[in-house]
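Written below as structure tokens is the structure these notes are about.
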Amino acid sequence: MPKLKLAEPKELDAEVEDFGEKEKGVTGALTLMRGLDVLKSVSGGNNTLPKISKDLTLNKSTVHRLATTLVDYGYLSFSQKEGYALGTMLLELGHAASQQITLTRVSHDYLVRLAADTGDTVNLGVLDGHQVHYIDKIPGTRRIEVRCVIGERQAIRPTGLGKALLIDAEEDKLREVYNRETREFPNYRYDMKTWLEVMKHYAQEGYALDMDENEDRIRCVAAPIRDVSGRIVAAVSISSAAQYMDDSRIETLKGYVKDVTLQISRELGYKD
């Protein structure tokens, strides 16, 4: 009769830990879904625990726990007189979503034409917290394709988009960005003094470059998009392999990207 092979204690511990992580993941996803259900219920007019509980067929203690967390983070508000209501955080998210939708709708055809005219990859990005969020991309026609995905987030300091988005920033803000990203990415081409000088030059010229800083042998030329108030709300970059981006071509592409971002800015109400 064959002998049963017993698992080693370390193997058992690993299996238990893996099961525990999966269980946590399932529980977290379920909690998130229930929290979203609470938001939807409140948006439908259910403003008290009994009403939300009945609407979602959840017990009141669960609803109270979820609603309290949502209030703490600003997704719901609560008063004794009015009960639960949608919170200001949803207004902020809605405004941000509206801006991004408007940006992509207004700018997309311009980006398509820019990619066709240059043969290079064209990206549209916005600041999202402490990162650059890529919200649109038009692939180029070059043999070497620049790696970038819509929805991707990258650091600010080394990217053309990131620097273009900070062209109007005060020195204190630039120092803050530099120091924060140094802690996560300590090996960067420029020291603080040089980077501030580079950013000052970009601010004067109205464009920004990524000269193999974010990815080896990849270069970008970027410029900001402004809204009706003149505030920078996004940026466009032209990206390609360094072999297609020598100094003379970069000079040419500066004009292309600045012209396109100005046209998009005017569509958003900017008066230059």
Side-chain angles (χ1 to χ4, degrees), residues 111 114-169 171 173-225 232 234-261:
L111 305 185
L114 184 59
D117 289 343
T118 63
D120 300 312
T121 299
V122 174
N123 296 299
L124 176 69
V126 297
L127 277 181
D128 184 7
H130 298 320
Q131 294 177 305
V132 179
H133 182 198
Y134 288 71
I135 62 175
D136 202 1
K137 171 190 175 180
I138 311 300
T141 55
R142 304 285 183 191
R143 182 173 57 86
I144 301 174
E145 173 62 23
V146 176
R147 183 197 66 82
C148 181
V149 180
I150 295 175
E152 183 177 357
R153 288 169 171 79
Q154 293 196 19
I156 296 171
R157 185 177 61 174
T159 57
L161 284 177
K163 290 194 278 287
L165 288 163
L166 288 185
I167 272 181
D168 288 353
E171 184 175 313
K173 174 65 177 180
L174 295 176
R175 287 179 178 276
E176 176 192 323
V177 170
Y178 189 96
N179 288 329
R180 182 177 61 250
E181 294 195 352
T182 295
R183 290 192 289 271
E184 190 172 356
F185 309 106
N187 299 318
Y188 183 52
R189 173 179 302 176
Y190 301 126
D191 60 21
M192 171 80 82
K193 182 175 181 294
T194 305
W195 192 68
L196 291 175
E197 290 172 354
V198 166
M199 289 300 297
K200 183 178 180 180
H201 173 72
Y202 291 158
Q204 292 169 346
E205 298 296 324
Y207 72 88
L209 302 179
D210 167 5
M211 299 294 285
D212 312 87
E213 299 163 51
N214 193 46
E215 292 187 53
D216 189 38
R217 302 296 296 167
I218 298 295
R219 295 179 176 178
C220 303
V221 183
I225 295 172
I232 294 174
V236 172
S237 70
I238 304 173
S239 304
S240 195
Q243 67 194 69
Y244 304 118
M245 282 267 200
D246 60 18
D247 290 346
S248 63
R249 188 155 189 275
I250 286 174
E251 285 298 320
T252 300
L253 293 178
K254 288 176 190 175
Y256 274 96
V257 73
K258 288 174 69 174
D259 181 60
V260 164
T261 52

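All residue numbers refer to positions in the sequence shown, counting from 1. As the structure is a prediction and not an experimental result, all values here were calculated from the model.
For the pair Arg142 and Tyr244, the cation-pi criterion (under 6.0 Å, within 45° of the ring axis) is fulfilled.
With salt bridges taken as basic N to acidic carboxylate O contacts below 4.0 Å, one links Asp212 and Arg219. Using a 4.0 Å cut-off between charged nitrogen and carboxylate oxygen, Glu184 and Arg180 do not count as a salt-bridge pair.
The CG atom of Leu253 lies 10.0 Å from the OG atom of Ser239; values are rounded to the nearest 0.5 Å. With values rounded to the nearest 0.5 angstrom, Leu209 atom CG is found 12.0 Å from Thr159 atom OG1. Interatomic distance, CD of Glu152 versus CD of Gln131, reported as 10.0 Å (0.5 Å rounding). Put simply, NE2 on His133 and CD on Gln154 are 11.5 Å apart, with the number rounded to the nearest 0.5 Å. Note that the CD1 atom of Ile232 and the CG atom of Leu166 stand 8.0 Å from one another [nearest 0.5 Å]. Interatomic distance, Glu176 CD to Glu171 CD, rounded to the nearest 0.5 Å: 13.0 Å.
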Q.
Set out, in order, the CA-CA distance, both residues' side-chain angles and the distance that settles side chain to side chain contact (heavy atoms under 4.5 Å, CB included) for Glu197 and Tyr190, then state yes or no.
A. CA-CA 10 Å; Glu197 290 172 354; Tyr190 301 126; over 6 Å; no
(Q) Leu174 vs Tyr178, test: side chain to side chain contact (heavy atoms under 4.5 Å, CB included). Steps then yes/no. (A) CA-CA 6 Å; Leu174 295 176; Tyr178 189 96; over 6 Å; no
Q. What do the steps show when you test Leu165 against Ile156 for side chain to side chain contact (heavy atoms under 4.5 Å, CB included), and what is the final call?
A. CA-CA 8 Å; Leu165 288 163; Ile156 296 171; over 6 Å; no
(Q) Run the side chain to side chain contact (heavy atoms under 4.5 Å, CB included) test on Lys137 and Thr121 for me, step by step, so that the C-alpha distance in whole Å, both residues' side-chain angles and the decisive distance to 0.1 Å come before the verdict. (A) CA-CA 7 Å; Lys137 171 190 175 180; Thr121 299; 3.8 Å; yes
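By the 30° and 60° cut-offs, the orientation of the rings of Tyr207 relative to His201 is perpendicular.
Proximity of Leu114 to Ile138: side-chain heavy atoms (C-beta onward) are nowhere separated by under 4.5 Å. Residues Met192 and Thr182 fail the side-chain proximity criterion, which asks for heavy atoms closer than 4.5 Å. Asp210 has its side chain out of reach of Met245: every pair of non-hydrogen atoms, C-beta onward, lies at least 4.5 Å apart.
Under the 3.5 Å distance criterion, the side-chain polar atoms of Asp259 are left unmatched by any main-chain donor or acceptor of Gly255. The main-chain N or O of Pro158 is found under 3.5 Å from a side-chain atom of Lys163 such that the two form a donor-acceptor pair. Without hydrogens or angle criteria, Arg157 side chain to Tyr188 main chain gives no donor-acceptor distance under 3.5 Å.
Residues satisfying the side chain to side chain donor-acceptor pair (under 3.5 Å) criterion with Ser240, sequence neighbours excluded, are Asp120. Asp246 pairs by the side chain to side chain donor-acceptor pair (under 3.5 Å) definition with Ser248, not counting sequence neighbours.
When all heavy atoms are compared, the tightest approach of Ala234 to Leu124 is CB-CD1, 4.1 Å. Between Gly160 and Ala222, the shortest heavy-atom distance links the atoms O-CB, 3.3 Å. Ala155 approaches Val132 most closely through the heavy-atom pair O-CG2, 3.9 Å. For the residue pair Val149 and Tyr134, the shortest heavy atom distance occurs at O-CB, 3.9 Å. Taking both residues in full, the closest heavy atoms of Tyr202 and Ile167 are given as O-CD1, 3.8 Å, listed atom of the first, atom of the second, then distance. Ala115 and Pro139 make their closest contact through CB-O, 4.1 Å (heavy atoms, listed as atom of the first residue, atom of the second, distance).
Using modelled atom types, one finds no donor on one side chain facing an acceptor on the other under 3.5 Å when comparing Thr194 with Arg189.
Every pair tested for ring-ring contact (aromatic ring centres under 6.0 Å, His included) that includes a residue from residues 135-166 fails, sequence neighbours excluded, so the list is empty.
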